[in-house]
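Beneath this line is the structure, given in structure tokens, with notes to follow.
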Amino acid sequence: MAVEIVRFDKGEKYIEDFLWLPKVLYSKRELTQNENEERLLLTSGHPLSNYFHITKFLVYKDAVPAARCAVTTYPGDSTAYLGFFECVDDPVCSRLLFGAAEDYAIESGCSKIIGPVDASFWIKYRLKVNKFEDRPYISEPYNKDYYLKHFLDNGYRIMEKYSSNVYKKQSFFGYRHNKSEERYQKYAKDYDIVSPKQKDWDKTIREIYALITDLYKNFPVFKTIGEEDFIKHFENFRYILDLSMVKMAYCGGEPVGFFIGVPDYSNALYGKIRLSTYLKVFFKKIRSPRYIMLYMGVSKKHRGLGLAMIALIIKNVNRKHASAVGALIKEGKVTGGYGADMIDSQYRYVLLEHGLENRPTGTGG
């Protein structure tokens, strides 16, 4: 068995091999690769490419791509970020890949690596660790079930844990969640909680940018990006959102909170866009059997408002006779307890780190 590693910046063959590997590791039902976005990131053509530098690695086993990753570095940051990790279940391949990534991080003056992070907080991060039998929901980090073992075997440790709450589908119209409803009645006197209109999207996305940039700044791997780059990156949201599942909260006309839910398109938006894709988007925007609660934030001066906003979302979900997933909540966050009595099961995820201070270059992990 011949195994070799290639570190590359450009090169059409290597880019194509990098993009090819996920297609053979996953079934169509599982594949969450956004190939167009990956290609833009690999060729520095993404709206966020100016914020970081990506170095790519490929492991070939008998001349066939068997493992890949990309290491992202930021100016002034002593942490490197390992992402786009894919690998056959072969410890020789993963050891070679992780070792080369570590060598590069040390060469770059970094003291640790965090992963998986696909270049940016704004793109994708975290590793899935359970319930692999379920089809991935939209935006879910999805990977092979043996990836956690590969990370741990190569010196990584879990630094953060996350979960996605799968809520029970209520079987009758008009279900009332008393705690959130009571909170809404209390806050409705002083706050306007509304769904934006399509014509107001440009204004709304800028309000969300201001809120999310402030409220998420202490999250692991968070990096601030400019407003115009944020708008470009999330441009497609205007076409896939059911705006009845988006809420903005205002106090005295000032935006103080937001909620974004998305119909669960599963992995349909990641592949080639066909007529069937447009039809799926059209019908699921009208009514989806499941909604993914992606983002929520409330200004610090308005704590408690989040649960009031959830009351309106619960009404919407039940009006549509649907279920919901509260996605990617950091362990210990108060939002993880919203609707605890309605949680049916949980998807779990981790973020890992590996210190480099005591490892000399060239030891291969």
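- Here the shortest heavy-atom pairing between Pro65 and Leu21 reads O-CD1, 3.5 Å.
- Side-chain contact of Lys168 with Ser323: a donor-acceptor pair under 3.5 Å is absent, judged by distance alone.
- Among all heavy-atom pairs drawn from Leu215 and Ser299, the shortest one is CD2-CA, 3.9 Å.
- Ion pairing of Arg7 with Glu107 is present here, as a side-chain N (NZ or NE/NH1/NH2) and a carboxylate O approach within less than 4.0 Å.
- Looking at Asp153 and Pro91, their side chains never come closer than 4.5 Å, going by heavy atoms from C-beta outward.
- Residues Leu356 and Glu102 meet the side-chain proximity criterion, which asks for heavy atoms closer than 4.5 Å.
- Residues Val6 and Phe57 are members of separate hydrophobic clusters, defined by side-chain heavy-atom contacts under 4.5 angstrom among Ile, Leu, Val, Met, Phe, Trp and Tyr.
- Between Arg126 and Lys330, the closest side-chain pair of non-hydrogen atoms is not below 4.5 Å.
- Phe84 and Val350 sit in two unconnected hydrophobic clusters of ILVMFWY residues. Membership requires side-chain heavy atoms under 4.5 Å apart, directly or through other members.
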Can Tyr191 and His302 be said to form a ring-ring contact (aromatic ring centres under 6.0 Å, His included), step by step? CA-CA 10 Å; Tyr191 295 84; His302 304 270; 5.5 Å; yes
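- Using a 4.5 Å heavy-atom threshold, the side chains of Leu328 and Pro141 count as touching.
- Atom NZ of Lys186 is surrounded by 12 or fewer heavy atoms from other residues, nucleotides or ligands within 6.0 Å.
- The distance from the CG atom of Leu269 to the CG atom of Asn34 is 9.0 Å, given to the nearest 0.5 Å.
- When each of Tyr81, Trp122, Tyr74, Tyr125 is tested with Phe222 by the rule ring-ring contact (aromatic ring centres under 6.0 Å, His included), just one qualifies, namely Trp122.
- By the 4.0 Å N-to-carboxylate-O rule, Asp89 lies too far from Lys144 to be salt-bridged with it.
- Of the inter-residue distances, the one linking Leu279 atom CG with Arg274 atom CZ reads 13.0 Å to the nearest 0.5 angstrom.
- Using a 4.5 Å heavy-atom threshold, the side chains of Tyr104 and Thr73 count as touching.
- Not a single donor-acceptor pair under 3.5 Å links the side chain of Lys280 to the backbone N or O of Tyr265.
- Across Lys284, Lys285, Arg287, Lys320, a single residue satisfies salt bridge (Lys or Arg N to Asp or Glu O under 4.0 Å) together with Asp242, and that is Lys320.
- Expressed to the nearest 0.5 Å, how far CE of Met245 lies from OG of Ser288 amounts to 9.0 Å.
- Note on Phe121 and Ile205: same hydrophobic cluster, where clusters join Ile, Leu, Val, Met, Phe, Trp and Tyr whose side-chain heavy atoms are under 4.5 Å apart, directly or indirectly.
- Separation of the Tyr349 and Tyr162 ring centroids does not fall under the 6.0 Å cut-off.
- Looking at every heavy atom in both residues, Ala249 comes nearest to Met309 through CB-SD, 4.2 Å.
- Within a 6.0 Å radius of OH in Tyr278, no more than 12 heavy atoms belonging to other residues, nucleotides or ligands are found.
- For the pairing with Met293, the side chain to side chain contact (heavy atoms under 4.5 Å, CB included) check across Ile329, Ile313, Val325 returns one residue only, Ile313.
- To the nearest 0.5 Å, the span separating CH2 on Trp20 from CG on Asp17 amounts to 7.5 Å.
- Ring geometry for Tyr295 versus Phe237: interplanar angle of 30 to 60°, hence tilted.
- Contact annotation: the side chain of Leu97 approaches that of Phe85 to within less than 4.5 Å [non-hydrogen atoms, C-beta and beyond].
- Salt bridge annotation for Glu207-Lys203: present, with a cationic side-chain nitrogen under 4.0 angstrom from a carboxylate oxygen.
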Show, in sequence, the C-alpha distance, side-chain angles and deciding distance for Arg95 and Asn154, and conclude whether the side-chain contact (heavy atoms from CB on, under 4.5 Å) test is met. CA-CA 7 Å; Arg95 190 180 308 119; Asn154 283 279; 3.8 Å; yes
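- Val71 and Ile113 fall within the same hydrophobic cluster, where Ile, Leu, Val, Met, Phe, Trp and Tyr residues are linked whenever their side-chain heavy atoms come under 4.5 Å apart, directly or through other members.
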Stepwise side-chain contact (heavy atoms from CB on, under 4.5 Å) check, Leu211 with Met248: CA-CA 11 Å; Leu211 286 166; Met248 293 296 301; 4.2 Å; yes
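- Judged by distance alone, with hydrogens and angles left aside, the side-chain atoms of Asn130 form a donor-acceptor pair with the main-chain N or O of Arg348 at under 3.5 Å.
- The shortest non-hydrogen separation linking Val281 to Ile240 is CG1-CA, 4.5 Å.
- The side-chain heavy atoms of Leu148 and Leu127, taken from C-beta on, include a pair separated by under 4.5 Å.
- Rounding to the nearest 0.5 angstrom, the gap separating the CD1 atom in Ile193 from the CD1 atom in Ile310 is 10.5 Å.
- Looking at Lys131 and Glu140, no side-chain N of the basic residue comes within less than 4.0 Å of a carboxylate O on the acidic one, giving no salt bridge.
- Under the 4.0 Å criterion applied to side-chain N and carboxylate O atoms, Glu228 and Arg206 are assigned as salt-bridge partners.
- Minimum heavy-atom separation, Glu133 to Arg29: O-NH1, 3.4 Å.
- When each of Tyr291, Tyr347, Tyr142, Tyr270 is paired with Tyr137, the ring-ring contact (aromatic ring centres under 6.0 Å, His included) condition holds for Tyr347 and for no other.
- With salt bridges taken as basic N to acidic carboxylate O contacts below 4.0 Å, one links Arg39 and Glu16.
- With hydrogens and angles ignored, the 3.5 Å screen pairs a side-chain donor or acceptor of Tyr147 with a backbone N or O of Cys87.
- Between Pro196 and Leu243, the closest heavy-atom pair is O-CD1, 3.5 Å.
- Under a hydrophobic clustering in which Ile, Leu, Val, Met, Phe, Trp and Tyr are joined whenever their side-chain heavy atoms come within less than 4.5 Å, directly or via other members, Phe132 and Val24 fall into the same cluster.
- Within the 3.5 Å criterion, the main-chain N or O of Lys128 finds a donor-acceptor partner in the side chain of Asn143.
- The closest side-chain donor-acceptor pair between Asp229 and Tyr51 falls under 3.5 angstrom.
- No donor-acceptor pair closer than 3.5 Å links the side chain of Thr213 to the backbone N or O of Ala210.
- Using a 4.5 Å heavy-atom cutoff, the side chains of Leu241 and Phe234 are not in contact.
- Between Tyr156 and Phe98, the ring planes are tilted. Angles from 30° to 60° get that label.
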Run the side-chain contact (heavy atoms from CB on, under 4.5 Å) check on Glu38 and Leu19 step by step: do they pass? CA-CA 8 Å; Glu38 282 190 15; Leu19 296 171; 3.4 Å; yes
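- A donor-acceptor distance shorter than 3.5 angstrom exists from the side chain of Asn267 to the backbone of Leu31, with no hydrogens or angles considered.
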Could you go through the side-chain contact (heavy atoms from CB on, under 4.5 Å) check for Val117 and Leu351 one step at a time? CA-CA 8 Å; Val117 180; Leu351 188 65; 4.1 Å; yes
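- The distance from the CD1 atom of Ile158 to the CZ atom of Phe151 is 11.0 Å, given to the nearest 0.5 Å.
- Without hydrogens or angle criteria, Asp264 side chain to Ser266 main chain gives a donor-acceptor distance under 3.5 Å.
- By the neighbour-count criterion of 12 heavy atoms within 6.0 Å, atom OH of Tyr14 is sparsely surrounded, having that number or fewer from other residues, nucleotides or ligands.
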